[in-house]
Number of protein chains: 2
Amino acid sequence: MATENRHEQAEARLRAAGLKVTAPRLAVLDAVSGNGHLDADAVHTRVMSHLPGISLQSVYNVLGALAEAELLRKIDPAGSAARYESRTGDNHHHLVCTECGAVADVDCVVGESPCLTPSNTGGFAITTAEVTFWGRCAACQAASG
Amino acid sequence: MATENRHEQAEARLRAAGLKVTAPRLAVLDAVSGNGHLDADAVHTRVMSHLPGISLQSVYNVLGALAEAELLRKIDPAGSAARYESRTGDNHHHLVCTECGAVADVDCVVGESPCLTPSNTGGFAITTAEVTFWGRCAACQAASG
DNA sequence: TGCGTTGTTTTGAATGATTCAAAACAACTG
DNA sequence: CAGTTGTTTTGAATCATTCAAAACAACGCA
């Protein structure tokens, strides 16, 4: 059945990353997958419904490990707690609401990655480029004009 | 003399922003101007040489006010303390060292604000776009290969 | 199948940048 | 120069995140 397939795929991805397969890791992977942009606390809440008693610290550990293994992507907008999402590998960017902190995906900008190559690298060995758009989300606009 | 001109210009800019002219504000403005990217603590240290006894809290207040008035620009890379710089108004971006947190300016790439228009705004009213490049700075590369 | 190694989770506490709140104070207006 | 309003100070609190050590479990190998 579908959930077993997801489970096995998750196991395989953990192994491929050289990580041991554990209940907390499977649960976190499942909690984040397809659920947008969740912070550690939200992940903890979700995971607890499957694994009551799991500690928030473990959720932090797991999220850290999964993000490092690139099974999850961490986004850390100024002014709010770090969020995690399951979309990895593509270079999509984010919209962040300046009012409520809501995060939305943006598929990569106008045509091709225009800003991804800076003019002068200042001696830096660049590994990634991050684009964040700031504004007010639909809900916040509706709420207060 | 030159320093008096700077001082008077700073006063004028504060007034233009509707802010009262105070010693802490002038000192912070001066401390940040032309000194790269400083965090609150570094600003505090610098300002104390002119204004011994100024509180760190005041530095936070002043930086907040000046950033809101756009006399300073705040940058807040994930994983380090917020920095402030005096270059405002232009849409330049930043290089951040993943190892030591050092920040360098990048003049905006292709012409003007290339990344400022996402394909789909998801209902957001976008006000700004932020581009951050992550990599290792020259010093960190030299230090450990 | 069982044991040891190594990596993971738990528990409990600490950290540190930033913010909150109220009182003392100073800049600007008239 | 006095009143009002905004600013600075003082002192404490917040909160996401990390540190450290002990308890525990997954996986490889015998």
Heavy atoms only: give me the nearest [X]-[Y] pair and the separation to one decimal.
| X | Y | value |
| --- | --- | --- |
| A40(A) | V59(A) | O-CG1, 3.7 Å |
| S86(B) | L72(B) | CA-CD2, 4.0 Å |
| W134(B) | A78(B) | CH2-O, 3.6 Å |
| T98(B) | R136(B) | OG1-CG, 3.9 Å |
| G122(B) | L95(A) | N-CD1, 4.3 Å |
| A31(B) | V47(B) | CB-CG2, 3.8 Å |

Could you tell me the separation between the [atom1] atom of [X] and the [atom2] atom of [N], rounded to a whole number of Å?
| X | N | atom1 | atom2 | result |
| --- | --- | --- | --- | --- |
| L51(A) | dT8(C) | CG | C1' | 13 Å |
| N61(B) | dA26(C) | CG | P | 16 Å |
| L14(A) | dC27(D) | CG | C1' | 14 Å |
| H44(A) | dT9(C) | NE2 | P | 13 Å |
| Y60(B) | dA13(D) | OH | P | 18 Å |
| L56(A) | dC15(D) | CG | P | 14 Å |
| I54(B) | dC25(C) | CD1 | P | 17 Å |

- For H37(A), ring pair (Phe, Tyr, Trp, His ring centres under 6.0 Å) partners two or more places apart: H94(A)
- DNA chain C contacts among residues 18-30 of chain B, heavy-atom distance under 4.0 Å: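 K20(B), V21(B) - these, ordered by number, are the residues of the stretch whose heavy atoms sit under 4.0 Å from the strand.
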- Who passes side-chain hydrogen bond (donor to acceptor under 3.5 Å, both in side chains) against D30(A), sequence neighbours left out? R6(A)
- Task: Could you list by number each residue of residues 73-84 of chain A showing a heavy-atom separation from DNA chain D of less than 4.0 Å, or answer none if no residue does?
- Result: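 Those residues whose heavy atoms fall under 4.0 Å from DNA chain D, taken from residues 73-84 of chain A in numerical order, are A81(A), A82(A).
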- Message: According to salt bridge (charged side-chain N to carboxylate O under 4.0 Å, His left out), does anything in residues 46-73 of chain B pair up with another residue at least two apart or in another chain? List the pairs.
- Response: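 Qualifying pairs: R73(B)-E85(B).
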- Item | Given DNA chain C, 5'-ward residue of the pair D39(B) and A65(A), judged by closest heavy atom |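 The answer here is A65(A).
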- Test item: T45(B) side-chain N/O and D41(B) main-chain N/O as donor-acceptor pair under 3.5 Å: yes
Distances under 3.5 Å between protein N/O atoms and the N/O atoms of nucleotides 12-15 of chain C, please, pair by pair.
from	atom 1	to	atom 2	distance (Å)
dG12(C)	O6	Q57(A)	OE1	3.3

- Message: Just by distance, no angles: are the side chains of H92(B) and D107(B) close enough, under 3.5 Å, to form a donor-acceptor pair?
- Response: no
- Message: Looking at dA26(D), I'd like to know if its phosphate oxygens (OP1 or OP2) sit under 4.0 Å from a side-chain N or O belonging to R15(A).
- Response: no
